Asker: 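Sharing a structure with you now.
Here the structure is a predicted model, which is why all the values come from computation and not from measurement.
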Amino acid sequence: MSTERFDTIVIGAGQAGLATGYHLTRCGQRFVILDAHDRVGDVWRERFDSLRLYSPARYDGLPGWGIPARGWSWPGKDEVADYFEAYAERFALPIRTGTTVDGLSRVGDRYVVTAGTDRFEADNVVVASGTWQSPVLPDLAERLDPRIRQLHSSDYRNPSQLQDGPVLVVGCSHSGADIALEVSRSHRTTICGPVRGEVPFDLEGRLAHIAIPIMWFMANHVLTERTPVGRKMRTHVRSGGGPLLRVKRADLAAARVEHFPAKVTGVHDGRPVLDDGTALDVRNVIWCTGFRKDTSWIQIPVTGSDGWPEQSRGVSPDHPGLYFVGLPFLQAFASMLTGGVGRDAGYVAKHIARRQTRAGLRPSAPTLT
């Protein structure tokens, strides 16, 4: 197995990886970005067709070049995907697509990254792939009647995938509510699960022009790891579902979407059963049950007692040269947002540049052995 050597390897070419690449370039660093998808932006292209961002375009830009759209427009998922691809080309970021990283370890003072039969070494590694990667499906899904069409939200694209008959959407966070409203136009729809609050204004109404700038300031400067309210919010964000954003309970009720606050906890005669004992006769189930953390491919002890990688502003305290960008609430609520990740990426890139300078290392060209 041949080995390629770099100063820095960035894992993931989503918003976190692209922002990190931009800042590493500005710091004069030599690096490569590895991404599993065939095309930059595919992580967005693979989402459901009607998805639009929950923040206006003026707050969605990556560092150095904002998304080319009207400031108070709400870009769709394909617009975001094409923007990411154009961003990578604009700044000539060295990205290798179709490279699925399956291992990260440390040998001596260097990190080893493996992707199938490919092997890479680097002084620094930035994990920018996030950790919410594995779709969550409850074990009881396997016990449902096989005639029921089941989709996880990561596989749902549009209502044409569904068969005739009633639909159950499991999970009443913002994506679940969006999907339930969409499928209700062609199917009798039920949604179940607790509602964890909702934004108290029309996300695209006039009041949003006043409220969103205030919320954006709070997401960057108030809801941070340094404040008590921020630390409390971090625990909630990392462990629970989000509030309703664009689609509210009133919108679901107006569309005659039936809502059960109870959760699906069992199966009876092949039908899903809620924890209040209600059995639902449906032909389709869409599981909007989120994603689980997956750090199993990192063969270095990085997680803390809460299961999340330990870091301070993205810098690993125990493994020099290891960094994380794009984690939920890495530094602030905005850390996981397209327009907020740039601050964390800039800090990490500068830390890498200082580390290379202290070690007396000048940026070197990639090598192959």
Side-chain angles (χ1 to χ4, degrees), residues 14-15 43-44 46-57 59-60 73-81 130 132-133 135-137 151-159 167-185 189-205 207-208 211-212 214-216 218-219 223 233-255 257-264 285-292 326-329 333-341:
Q15 61 203 37
V43 67
W44 281 89
E46 294 172 356
R47 301 185 182 187
F48 62 92
D49 295 345
S50 61
L51 176 64
R52 290 184 295 145
L53 292 182
Y54 298 105
S55 53
Y59 297 108
D60 298 330
S73 64
W74 304 81
K77 56 105 176 181
D78 289 331
E79 290 178 76
V80 177
W132 280 334
Q133 298 167 332
V136 173
L137 281 176
L151 293 169
H152 188 269
S153 60
S154 59
D155 299 314
Y156 172 79
R157 299 292 177 268
N158 56 63
V167 177
L168 170 64
V169 177
V170 180
C172 199
S173 188
H174 46 269
S175 60
D178 287 1
I179 291 172
L181 184 65
E182 178 175 73
V183 301
S184 71
R185 301 186 184 108
T189 303
T190 299
I191 188 170
C192 70
V195 174
R196 296 179 174 85
E198 58 182 37
V199 174
F201 57 88
D202 180 357
L203 204 62
E204 300 183 33
L207 184 56
I212 288 180
I214 297 173
M215 292 172 65
W216 186 251
M218 292 184 63
L223 300 176
M233 175 67 76
R234 177 176 60 187
T235 300
H236 175 74
V237 166
R238 289 184 168 185
S239 61
L244 300 182
L245 299 175
R246 181 172 282 112
V247 176
K248 313 292 199 305
R249 281 172 287 193
D251 299 314
L252 296 173
V257 175
E258 188 174 14
H259 174 230
F260 290 93
K263 299 179 180 181
V264 175
V285 175
I286 303 175
W287 299 100
C288 296
T289 42
F291 300 81
R292 65 171 53 90
L327 294 180
F329 226 109
F333 185 91
S335 293
M336 59 187 175
L337 304 178
T338 305
V341 72

Asker: Could you tell me which non-hydrogen atom of D202 sits nearest to which non-hydrogen atom of A208, and how far apart they are?
Answerer: O-CB, 3.7 Å
Asker: With the side chain counted from C-beta on, respond yes when R249 and V195 share a heavy-atom pair under 4.5 Å apart, and no when they do not.
Answerer: yes
Asker: Mind listing the closest non-hydrogen atom pair of V169 and G176 along with its distance?
Answerer: CG1-O, 3.7 Å
Asker: Check whether the side chains of S55 and D60 place a donor and an acceptor atom closer than 3.5 Å, and report yes or no.
Answerer: yes
Asker: Closest approach of M336 and V237, non-hydrogen atoms and distance?
Answerer: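 Looking at all heavy atoms of both residues, the shortest contact is CE-CG1, 3.6 Å.
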Asker: Under 4.0 Å between a Lys/Arg side-chain N and an Asp/Glu carboxylate O for E204 and R52?
Answerer: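 Judged by the 4.0 Å cut-off on N to carboxylate O distance, E204 and R52 do form a salt bridge.
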Asker: Is any side-chain heavy atom of W74 closer than 4.5 Å to one of P56?
Answerer: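 Yes, close enough: below the 4.5 Å cut-off.
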Asker: Atom SG of C288 and atom OH of Y156: how far apart are they, to the nearest 0.5 Å?
Answerer: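 Separation between the atoms: 9.0 Å.
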Asker: Closest approach of W44 and A81, non-hydrogen atoms and distance?
Answerer: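 For W44 versus A81, the nearest heavy atoms are CB-CB, 3.9 Å.
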Asker: Considering residues at least two apart in sequence or located in another chain, which fulfil the side chain to side chain contact (heavy atoms under 4.5 Å, CB included) criterion with D78?
Answerer: R45
Asker: Got a second to check how far I179's CD1 is from R157's CZ, nearest 0.5 Å?
Answerer: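 Answer for the CD1-CZ pair, I179 versus R157, is 10.0 Å.
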Asker: List the residues meeting ring pair (Phe, Tyr, Trp, His ring centres under 6.0 Å) with H174, not counting sequence neighbours, and say none if there are none.
Answerer: Y54
Asker: Checking side chain to side chain contact (heavy atoms under 4.5 Å, CB included) for the pair V257/T190: CA distance, chi angles, key distance, verdict?
Answerer: CA-CA 5 Å; V257 175; T190 299; 6.0 Å; no
Asker: For H152 and L137: C-alpha separation, side-chain torsions, deciding distance, then whether side chain to side chain contact (heavy atoms under 4.5 Å, CB included) applies.
Answerer: CA-CA 7 Å; H152 188 269; L137 281 176; 4.1 Å; yes
Asker: Apply side chain to side chain contact (heavy atoms under 4.5 Å, CB included) to M215 and F333, showing your working.
Answerer: CA-CA 10 Å; M215 292 172 65; F333 185 91; over 6 Å; no
Asker: Between S335 (side chain) and V341 (backbone), is there a donor-acceptor pair under 3.5 Å?
Answerer: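 Such a contact is absent between S335 side chain and V341 backbone.
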Asker: Can you sort out the partners of D49 under salt bridge (Lys or Arg N to Asp or Glu O under 4.0 Å), two or more places apart, ordered by chain and number?
Answerer: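 Partners of D49 under the salt bridge (Lys or Arg N to Asp or Glu O under 4.0 Å) test: K77.
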Asker: Output yes when a side-chain donor or acceptor of R246 lies under 3.5 Å from a complementary backbone atom of L53, and no otherwise.
Answerer: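 Side chain of R246 to backbone of L53: a pair is present.
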Asker: Pair L337, Q15 - check side chain to side chain contact (heavy atoms under 4.5 Å, CB included), show working.
Answerer: CA-CA 8 Å; L337 304 178; Q15 61 203 37; 5.5 Å; no
Asker: Would you name the heavy atoms of I286 and V183 that are closest together and state the gap between them?
Answerer: CD1-CG1, 4.3 Å
Asker: For the pair E46 (side chain) and V43 (backbone), establish whether a donor and an acceptor sit closer than 3.5 Å, ignoring hydrogens and angles.
Answerer: no
Asker: Taking the side chain as every heavy atom from C-beta outward, state whether L244 and S173 have any pair of such atoms under 4.5 Å apart.
Answerer: no
Asker: Measuring from E79:CD to S73:OG, what's the distance to the nearest 0.5 Å?
Answerer: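 That separation rounds to 6.5 Å.
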Asker: Mind listing the closest non-hydrogen atom pair of T189 and A180 along with its distance?
Answerer: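 Looks like CG2-O, 3.8 Å.
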Asker: Between OG1 of T235 and CE of M233, what distance do you get to the nearest 0.5 Å?
Answerer: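 Between T235 OG1 and M233 CE, I get 10.5 Å after rounding to 0.5 Å.
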Asker: Does the side chain of E258 come within less than 4.5 Å of C192's, by heavy atoms?
Answerer: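 The answer is no, as the side chains (C-beta and beyond) never meet within the 4.5 Å cut-off.
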Asker: Could you tell me if the side chain of L245 sits less than 4.5 Å from the side chain of P243, heavy atoms only?
Answerer: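 Contact flag for P243/L245 side chains = yes.
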